[in-house]
Each structure stands twice: as structure tokens, then as C-alpha cells.
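Working notes, beginning with the structure itself.
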Amino acid sequence: MAFYFTEPSHTFSEYLLVPGYSSTDCIPANVSLKTPVVRYRAGEECPLTMNIPMTSAVMQAVSGEKMGIGLAREGGIAFIFVSQPIEQQAEMVRKVKSYKAGFVESDSNLRVTDTLADVLALKDRTGHSTMAVTDDGTGTGRLLGLVTSRDYRVSRMEPTAVVADFMTPAEKVIFAPEGTSLKTANDIIWDHKLNALPILSADGHMVAFVFRKDYDTHKNNPLELLDGRKRYVVGAGINTRDYAQRVPALVEAGADVLVMDSSEGYSQWQAQTLQWVREHYGESVKVGAGNVVDGEGFRFLAEAGADFVKVGIGGGSICITRETKGIGRGQATAVIEVAAERDRYFKETGIYVPICADGGIVQDYHITLALAMGADFCMLGRYFSRFDESPTDKVLIGGSFMKEYWGEGSARARNWQRYDLGGAAKLSFEEGVDSYVPYAGALSDGVVTTLAKVRSTMCNCGALTIEELRQKAKLTLVSAVSIVEGGAHDVLLKDRTNSDKQ
């Protein structure tokens with residue numbers, strides 16, 4: 001007879017934190033969100049930690065090289081998506097590792113034959129007002145000039161005006177040679193009152209831009225996550241099919257941590273992959289595994305050598321695994337049970353294996369709940385897909401800007417390896433959808449706001465660290481009626497747009 005769980009599984013939205021005593025020292029500025037990423041032994045220091053408990057999902061619509069750079073700058077880790085050719089994924093990792101903070105590759109480029117209409121369209125698409133004019137229209141072509149908002153006036157020029165006629169020509173552009181330090185570049189910007197400084201190779205080709213506005217940005221990122229060589233930390237996904245070829249390429253490219261991208265991790269396929277990595281690299285290559293939703297699945301992967309374990313099946317906003325297969329579990333219940341098993345495993349073996357809450361996080365406070373329930377960090381897809389740094393297009397839908405967002409199990413991604421059960425090499429049916437999410441601007445702005453909420457809630461619970469939150473948190477299940485009570489109710493809300501105009 002089948003085994004039946006006696007209690008229903010619950011989602012994060014069914015829980016609230018009950019406030020605890022807060023001392024005068026318990027203020028958001030004193031909160032540390034540092035958290036372990038990979039396994040370590042009792043009494044030893046974790047070999048890889050993050051400064052914030054946030055990682056980006058292993059998805060085409062979420063984690064490219066820009067996300068890798070942007071999230072590392074904030075103190076987290078992006079996992080570059082695996083559903084692409086090995087060489088292409090390795091190159092993305094390489095770009096993050098070779099990125100020099102402050103030096104930005106030009107992604108808004110023109111040819112001299114382009115028109116003002118092209119300039120305006122490019123500005124709408126990228127949001128950038130400084131554009132390089134190169135001989136081939138790429139960010140690495142020979143610089144012929146610059147176009148900024150000071151070079152044209154839409155009200156006094158025809159859309160057909162040619163870039164060559166109104167750009168600032170290269171001979172009038174102040175630039176710096178390749179190899180210039182960031183400090184020197186910033187000095188040039190300040191001395192000449194520039195907004196942007198092109199960095200050129202010896203033969204006049206574009207290498208990068210240094211922007212005036214980025215000076216404060218880099219000074220204000222004390223949490224950025226760096227390796228021992230002062231390079232950004234980045235992760236990458238692998239699968240259980242081509243790991244023998246993919247892992248060496250990613251390791252050579254400099255990936256700091258890998259994770260198996262799979263909808264369900266309690267399988268011999270993952271154990272075999274972990275065994276292969278240990279045989280070829282020992283403990284030097286860190287690999288996360290998953291996903292699981294109970295203690296039994298966690299213990300299987302921990303004993304197989306996983307460096308961390310992802311928790312969650314079917315809870316993602318674009319995931320329809322529960323609908324199509326009837327597989328999964330409420331995310332809050334899954335995290336609570338796996339965390340309890342993680343703690344038992346630690347007590348028995350002296351080995352701590354971090355867990356990652358993957359999916360089911362809709363509101364910012366769900367991150368705090370996941371941490372209180374025992375998660376060491378969270379993996380987010382929809383959340384990060386909304387930002388400029390995600391690799392998808394920004395589109396105008398119904399008068400509002402949106403970003404495209406699709407699941408790895410959708411017909412668009414066709415990531416059959418993620419759902420591989422050893423059969424035919426194809427996606428037999430969809431387990432994800434293709435969708436839009438509201439555009440949310442720059443990653444840094446969103447993360448700052450989200451973590452401000454997390455720190456504030458932790459202070460309400462009297463906790464200054466994630467470990468202290470886990471020990472002090474008091475959680476309560478809420479009824480359907482109390483969920484309604486938690487939002488605005490019994491009032492007529494003002495039209496914020498109209499009120500802002502008054």
C-alpha cells in the first residue's frame with residue numbers, strides 16, 4: 001500500500017514570523033547575511049561562502065554573463081545556464097572571471113551610416129545614451145566616433161539624419177589606451193569632466209568603456225564576492241549526460257562551483273555524476289545536487305558527495321511539473337523537512353551540507369521565511385529574470401515594459417537533459433511555460449530593496465545572523481482569512497498615479 005503523509009504540505013505564503021525581543025544593537029546595519037555555499041566539517045571554515053543568501057537559477061532566461069557579473073557585485077552567485085553548447089557556456093564563465101570591475105564592454109554600438117531613428121531605437125532597447133560608432137557596428141570595432149544625448153536634438157532634426165553628420169568624431173574624443181588602470185581612468189574622467197571614457201587598443205579598436213556613474217557604484221559595493229585572485233565568483237550548471245566533457249571545460253574556464261540542473265535529484269544518475277567528479281577532481285571541484293523534497297532524498301545526495309542540495313520540485317512560477325506529472329511538494333514543508341535531516345546528518349557525521357531553497361519564492365519575505373526554516377540560501381528565477389542583467393529582451397506589452405521569461409522545460413528551451421530519465425534524448429512533453437514578467441530595472445536596485453526587507457524582518461525576530469534567525473525564529477501557520485487580513489482591506493485605495501500628480 002502506498003505511503004501517505006498525514007499532514008498536508010504548505011507553501012511559504014501560509015506562514016508568518018512572530019516577532020521576538022530586539023535589543024538596541026538589533027538594527028539592519030548590524031545584520032550579516034553571510035552564508036555557507038558548500039559542505040565543510042565541524043570546526044573548519046567553509047571553503048566558499050556568499051555575502052548574501054541569493055543565487056540565480058540555471059535558466060536561459062536568467063543567468064548569462066551579465067547576471068554573473070551583476071550578482072557577484074552584490075555578493076551572490078549566478079549559475080550560468082547549461083542548456084547550450086559546452087564551448088558557449090564556458091565562454092560565458094570566462095567572461096565573468098576576466099571581467100575587470102569598472103570596465104564595461106560596449107553593447108550600444110552604431111555604424112556611420114545609421115540614422116537618428118536608429119539611435120533612438122537603440123536607446124529605447126538598451127537604455128544607454130552613450131553609443132560607440134565603429135567601422136563594423138560592434139563593440140570591438142575601430143572607433144570612428146561617439147554619439148551621446150548632447151549630439152542631437154530630436155525636435156530640430158529629421159529621423160533620417162545620418163550618424164556621420166552629428167556624431168563626435170574620434171579625433172575629438174578623449175580616450176585611454178588598453179591597460180590603463182581603473183584609478184587612472186577615473187582620474188581622466190574627473191579631470192576632463194567626462195561622462196564616459198573609451199578604452200582603445202593600440203590599433204584604435206574599442207576595448208571597453210569606463211563610466212562616470214560607475215565610480216560611486218564600485219565604491220559602494222563592499223559585499224562583492226571575489227575569489228583569491230580578486231575575480232568575481234561565478235557558478236555554472238551541468239547535467240547528467242555530458243558531464244565528462246562539460247565539467248573539464250567549465251573548470252578550465254574558472255567556474256568556482258557547479259550544480260546539477262535537474263528537476264528531480266533523488267537518482268542514480270546524479271550519484272554517478274558526483275562519483276565521476278570525485279574520481280577526477282577529488283574535493284577541489286564543488287558540485288551541488290538536487291532537487292529533492294524530503295529528508296530521504298537529501299541523505300542520498302549528501303552520502304553521494306553533494307556539496308550542497310537544492311530543495312524544491314514544481315514550485316517555480318513557470319514550472320508545470322505538478323500539473324503534468326503530479327510530482328512535488330509544498331515548498332515550505334519541503335525546506336523544513338530537508339533542513340531537519342541536514343541537521344541530523346551534521347550531528348551524526350560532523351559534515352555540514354548546505355541546502356538551497358529553489359522555487360516557490362513569490363514575495364521578498366519568503367526569502368526570510370526560507371532562511372528561518374533552515375535554508376542556507378535561495379535560488380531565484382522569476383525574481384532575477386525581471387532585471388536588466390537577465391539575457392532576455394525588454395518588450396512593450398499593453399503599455400508596460402516586460403521581460404521575457406520561459407522555463408527550461410518549455411518548448412522554447414527544450415532542455416530535455418534537465419528531465420532526463422535515461423530514455424530518448426528529447427523533451428517528450430512540456431514541464432514549463434513561456435511567459436512575460438514586469439520589467440524591474442537594474443539588479444542592484446532590486447536586490448538592495450529586497451535585502452533591506454530581509455534585514456529588517458531579522459531584527460524584528462532579534463537576529464543579526466542567519467544562524468541566529470534559525471535559532472530564534474517563531475513561525476505560525478495562518479488561515480485563509482488571516483492571509484486576507486494581512487493585506488490592504490476594507491478601504492478604497494487611491495489611484496497612486498493620480499495622487500502622485502497632485
Donor-acceptor check, side chain of [X] to backbone of [Y], threshold 3.5 angstrom: yes or no?
X: Thr55; Y: Cys378; value: yes
X: Asp256; Y: Val234; value: yes
X: Ser32; Y: Thr465; value: no
X: Arg246; Y: Val82; value: yes
X: Asn30; Y: Cys26; value: no
X: Glu389; Y: Gly68; value: no
X: Arg382; Y: Val362; value: yes
X: Glu468; Y: Leu464; value: yes
X: Glu74; Y: Leu223; value: no
X: Asp376; Y: Ile355; value: yes

Quiz item: Think Arg342 forms a cation-pi with Phe346, using NZ or CZ under 6.0 Å from the six-ring centre and within 45 degrees of its axis?
Solution: no

Exercise. For the pair Arg329 and Glu337, evaluate salt bridge (charged side-chain N to carboxylate O under 4.0 Å, His left out) and give the outcome as yes or no after the intermediate values.
Key: CA-CA 11 Å; Arg329 199 177 193 187; Glu337 181 176 321; 2.8 Å; yes

Quiz item: Tyr99 vs Tyr232 aromatic rings, parallel, tilted or perpendicular, using cut-offs 30° and 60°?
Solution: parallel

Quiz item: Do the rings of Phe211 and Phe209 sit parallel, tilted or perpendicular, given the 30° and 60° boundaries?
Solution: tilted

Practice problem: Would you check, one step at a time, whether the test side chain to side chain donor-acceptor pair (under 3.5 Å) holds for Ser129 with Ser149? | Solution: CA-CA 6 Å; Ser129 58; Ser149 57; 4.8 Å; no

Quiz prompt | salt bridge (charged side-chain N to carboxylate O under 4.0 Å, His left out) evaluation trace for Arg94 with Glu65 | solution = CA-CA 9 Å; Arg94 199 171 287 110; Glu65 65 264 27; over 6 Å; no

Evaluate the side-chain proximity of [Y] to [X]: yes if any heavy-atom separation is below 4.5 Å, no if none is.
X: Asn460; Y: Leu17; result: no
X: Pro53; Y: Leu371; result: yes
X: Phe384; Y: Ser63; result: no
X: Val62; Y: Ser390; result: no
X: Leu194; Y: Ile174; result: yes
X: Phe308; Y: Leu48; result: no
X: Val447; Y: Tyr383; result: yes
X: Met54; Y: Leu451; result: yes

Quiz item: Which atom pair, heavy atoms only, marks the closest approach of Val338 to Val293?
Solution: CG2-C, 4.0 Å

Quiz prompt | Shortest non-hydrogen contact between Tyr40 and Cys46, atoms and distance | solution = CD2-CB, 3.6 Å

Quiz prompt | Name of the residue among Val259, Leu258, Asn239 meeting side chain to side chain contact (heavy atoms under 4.5 Å, CB included) with Val58 | solution = Val259

Quiz item: Can you list the steps and then say if Lys97 with Asp227 is a salt bridge (charged side-chain N to carboxylate O under 4.0 Å, His left out)?
Solution: CA-CA 9 Å; Lys97 299 305 292 186; Asp227 64 16; 2.8 Å; yes

